[in-house]
Amino acid sequence: MQFSKGRVRGGGDGSGPSDGHHEARGPAPTDMPRDVPFDDPRYDALASGWGEAGTVAVPVPAARQGQGQVQRPEQDDDLAAAEVYLEVQRSPAFQEVRSRYRRFVVPATVAFFLWYVAYVVAATAAPGLMARPVVGAVNVGLLAGLGQFLSTFLLTWAYARHARLRRDRAALELRWDTQELTRGARGGAA
């Protein structure tokens with residue numbers, strides 16, 4: 001018998017082993033209590049989004065609405081907020097933040113990928129080079145492998161530094177501006 005949050009689960013009819021050992025299978029569907037809590041790991045139907053009682057339907061964009069549908073006020077607010085996001089996305093400030101991001105990420109990704117491929121190719125195509133001893137039992141392959149870890153940490157540090165110095169302030173200002181514009185588009189209720 002299993003106890004979870006004060007309830008008895010599975011095998012509670014006394015027919016199972018009484019020494020506390022269970023087989024490696026879960027309880028039969030008839031053993032599942034009707035009032036399964038949301039945090040029960042065996043019950044994941046709600047995690048997939050099916051059968052939720054308070055599900056709110058996503059509004060249909062104005063371009064796809066039929067002639068017979070009446071647009072609700074909250075749909076007007078959502079469309080106005082969507083326009084704000086599109087306006088911000090087209091703004092020069094947003095384009096500059098994205099450009100700074102790309103100017104760092106694309107070359108760094110290419111350089112790291114080339115370094116990784118060079119390591120793998122050297123390990124397979126030039127085993128003599130990789131086996132060449134440097135100091136004692138430490139060889140070129142071991143140093144190159146450790147260099148992979150080191151370069152990962154260095155790249156992470158460089159990315160965080162670049163983001164902090166070149167993008168974070170501008171992105172934060174864009175976020176605040178977007179929230180203010182969205183709040184204004186929704187009539188101050190956001």
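Throughout, residue positions are numbered sequentially from 1 according to the sequence presented.
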Problem - Atom pair CZ (R132) and CG (L143), whose distance is rounded to the nearest 0.5 Å - result: 13.0 Å
Practice task
Kindly indicate whether the side chain of Q89, heavy atoms from C-beta on, has any atom under 4.5 Å from the side chain of Y85.
Solution key: no
Completion exercise
To the nearest 0.5 Å, atom CD of E87 lies from atom OG1 of T182 at 9.5 Å
Problem - Ring geometry between Y101 and Y159 (parallel below 30°, tilted from 30 to 60°, perpendicular above 60°) - result: perpendicular
Handout entry: Closest approach of R100 to R166 (non-hydrogen atoms, all atoms of both residues)
Key = NH1-O, 2.6 Å
Practice task
Output the distance between atom OG1 (T178) and atom CG (L174), rounded to the nearest 0.5 Å.
Solution key: 6.0 Å
Exercise for the section: Using a 4.5 Å cut-off on heavy atoms from C-beta on, say whether the side chain of D177 contacts that of V88. Expected result: no
Exercise for the section: With sequence neighbours excluded, tell me which residues meet salt bridge (Lys or Arg N to Asp or Glu O under 4.0 Å) with R169. Expected result: none
Practice task
Decide yes or no on side chain to side chain contact (heavy atoms under 4.5 Å, CB included) for Y119 and M130, but give the supporting numbers first.
Solution key: CA-CA 9 Å; Y119 171 69; M130 298 300 264; 3.7 Å; yes
Practice task
Mind listing the closest non-hydrogen atom pair of W115 and S151 along with its distance?
Solution key: NE1-OG, 3.0 Å
Problem - Distance (rounded to the nearest 0.5 Å) between N139 CG and L129 CG - result: 9.5 Å
Handout entry: Side chain to side chain, F112 and Q148, heavy atoms closer than 4.5 Å
Key = yes
Problem - Interatomic spacing from CZ in R175 to CG in D168 - rounded to 0.5 Å - result: 9.0 Å
Exercise for the section: Mind checking salt bridge (Lys or Arg N to Asp or Glu O under 4.0 Å) for R167 and listing every partner two or more places apart, or none if nothing turns up? Expected result: none
Handout entry: Atom pair CG (L181) and CH2 (W176), whose distance is rounded to the nearest 0.5 Å
Key = 13.5 Å
Exercise for the section: Search all heavy atoms of A108 against all heavy atoms of L155 and return the closest pair with its distance. Expected result: CB-CD1, 3.6 Å
Handout entry: Same apolar cluster (I L V M F W Y, side chains within < 4.5 Å links), V105/W157
Key = no
Handout entry: Any donor-acceptor pair under 3.5 Å from S99 side chain to Q95 backbone
Key = no
Problem - V110 reachable from Y116 in the ILVMFWY side-chain graph, under 4.5 Å edges - result: no
Practice task
Could you tell me whether R161 atom CZ has more than 12 heavy atoms of other residues or ligands within 6.0 Å of it?
Solution key: no
Exercise for the section: Tell me whether L150 is reachable from L146 by hopping between hydrophobic residues (I, L, V, M, F, W, Y) whose side-chain heavy atoms are closer than 4.5 Å. Expected result: no
